[in-house]
Amino acid sequence: MIIQIYTAQTPKEGLALARLGVNHVGITPASSGLPGEVTEEQGRLIFESIGSLAVKVALSVEQDLDRIATMVRNVRPDVLHLCGDPDKMVSPEGVTELKRMLPGLKVMQAIPVTGREALAIAQSYQEVADYLILDSFSPAIGGVGAAGVTHDWSISREIVAQSRLPVILAGGLSPENVAEAIGAVRPWGVDSLTRTNLPLGGGKFRKDLDLVQQFISNAQAASAETLG
């Protein structure tokens, strides 16, 4: 079971997550008021601290391909996580163009699981993305994700069953519900942001490493039991 954790905000935090056993360490290099966002320079330093200990994932809610490409060149992730607003998502054709602009880059496409239309959206990215991430959507948060709530896992299970790509389940996952989520959806990986945070007030937070460790342990145990 692949464990993806958002969002590291310092090199020390990114390295700590990788050393705990997080497989994919995510960051949010932006200036849009997104939860836990960092500058592109900070993002690059975080990734340099992680080195080869984990896969490095950078999130973007942008739609402009040139701006996305500039961020990728500055931050140097292994994987670009595209999660723009549902009505402004980078199209499959746009993903193809981004991969032409950025040879070797892998793309993780966010799918907003707001209803059964998510199945068709996921299908449309099968030939161009490298991963899918199934996430919840809140109009209060820019882009798809960081909503802190679960969605209809039965739809996510259908997407996993039909997908030829590795699928990560996200959306309100915590140490308490990750085992149930794995049993219900059978994803390739699971992702946590809000439910593994330690709030600091004023909308700020840092990662709660104890919660992250619990999340990892519970996910791995559930994976062994459910998926064998």
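The structure presented is a predicted model; accordingly, all values stated were derived computationally and were not measured. Side chains included, hydrogens not; waters and symmetry mates left out as well; all remaining heavy atoms used.
Under the 4.5 Å side-chain contact rule for hydrophobic residues, Leu45 and Leu17 do not share a cluster. Cluster membership for Leu211 and Phe215, using ILVMFWY side-chain heavy atoms within less than 4.5 angstrom, is not shared. A single hydrophobic cluster is seen to contain both Met1 and Val185, as judged by linkage of ILVMFWY side chains at heavy-atom distances under 4.5 Å, directly or through other members.
In this structure, the side chain of Thr70 engages the main chain of Asp66 through a donor-acceptor pair within 3.5 Å. At least one donor-acceptor pair under 3.5 Å links the side chain of Arg44 to the backbone N or O of Asn74. Side chain of Ser32 to main chain of Leu34: no donor-acceptor pair is present (N/O by atom type, distance under 3.5 Å, no hydrogens or angles). One N or O on the side chain of Asp135 and one on the backbone of Gly171 form a donor-acceptor pair closer than 3.5 Å. Under the 3.5 Å distance criterion, the side-chain polar atoms of Thr28 are left unmatched by any main-chain donor or acceptor of Glu37.
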Applying side chain to side chain contact (heavy atoms under 4.5 Å, CB included), run through Gln4 and Val57 and close with a yes or a no. CA-CA 9 Å; Gln4 178 167 285; Val57 185; 4.0 Å; yes
Please walk me through it: do Val90 and Leu65 pass side chain to side chain contact (heavy atoms under 4.5 Å, CB included)? CA-CA 8 Å; Val90 174; Leu65 301 189; 4.0 Å; yes
Side chain to side chain contact (heavy atoms under 4.5 Å, CB included), that's the test. Do Met101 and Val72 meet it? Break it down for me. CA-CA 10 Å; Met101 297 165 69; Val72 170; over 6 Å; no
Cys83 and Leu59: side chain to side chain contact (heavy atoms under 4.5 Å, CB included), yes or no, with the steps? CA-CA 7 Å; Cys83 58; Leu59 178 153; 3.3 Å; yes
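Note that CH2 of Trp188 is 13.0 Å distant from CG of Leu169, once rounded to the nearest 0.5 Å. A distance of 12.5 Å separates CZ in Arg76 from CG in Asp78, rounded to the nearest 0.5 Å. To the nearest 0.5 Å, atoms CD (Gln213) and CD1 (Ile3) are separated by 10.0 Å. Atom CG of Leu105 sits about 13.5 Å away from atom CZ of Arg100, to the nearest 0.5 Å. Distance check: Ile159 CD1 to Gln123 CD gives 10.0 Å after rounding to the nearest 0.5 Å. From Gln109, atom CD reaches atom CG of Leu134 across 11.0 Å, with rounding to the nearest 0.5 Å.
Using a 4.5 Å heavy-atom cutoff, the side chains of Leu53 and Leu15 are in contact. In this structure the side chain of Leu193 never reaches within 4.5 angstrom of the side chain of Ile5, judged on heavy atoms. When side chains are defined from C-beta on, Ile68 counts as touching Leu98, because their heavy atoms get closer than 4.5 Å. Counting heavy atoms from C-beta outward, Leu20 and Ile216 have side chains that approach closer than 4.5 Å. Looking at heavy atoms from C-beta onward, Glu127 lies out of side-chain contact with Pro92 at the 4.5 angstrom threshold. Counting heavy atoms from C-beta outward, Ile133 and Asp191 have side chains that approach closer than 4.5 Å. Within the 4.5 Å cutoff, the side chain of Leu80 has heavy atoms near those of the Leu82 side chain. Using a 4.5 Å cut-off on side-chain heavy atoms (C-beta onward), Lys56 and Phe47 make contact.
For the pair Met89 and Ala110, the tightest heavy-atom approach, listed with the atom from each and the gap, is CE-O, 3.4 Å. Nearest heavy-atom pair, Ile46 versus Gly14, reported as atom, atom and distance to 0.1 Å: CG2-CA, 4.3 Å. Of all non-hydrogen atoms in Trp153 and Thr150, the two that sit nearest each other are CZ2-CG2, 3.8 Å. Closest approach of Arg206 to Gln9, counting heavy atoms only: CA-NE2, 4.2 Å. Across every non-hydrogen atom of Thr196 and Pro175, the tightest pair is CG2-CD, 4.4 Å. Contact between Asn197 and Asp208 at its shortest, heavy atoms only, is C-CB, 4.1 Å.
Taking the six-membered ring for Trp and the full ring otherwise, the centers of His81 and Tyr6 sit less than 6.0 Å from each other.
Using a cut-off of 4.0 Å between Lys/Arg side-chain N and Asp/Glu carboxylate O, Arg116 and Glu158 are scored as salt-bridged. Remark: Glu13 does not engage Lys207 in a salt bridge, criterion side-chain N to carboxylate O under 4.0 Å.
No more than 12 heavy atoms of other residues, nucleotides or ligands sit less than 6.0 Å from atom NZ of Lys106.
For Gln126 and Ser163, the side-chain atoms include at least one donor-acceptor pair closer than 3.5 Å. Of the N and O atoms on the side chains of Gln220 and Ser217, not one donor lies less than 3.5 Å from an acceptor on the other residue. Defined by atom type and a distance below 3.5 Å, a donor-acceptor pair is present between the side-chain atoms of His151 and Ser156. Side chains of Glu176 and Ser174: a donor-acceptor N/O pair is present below 3.5 angstrom, by distance only.
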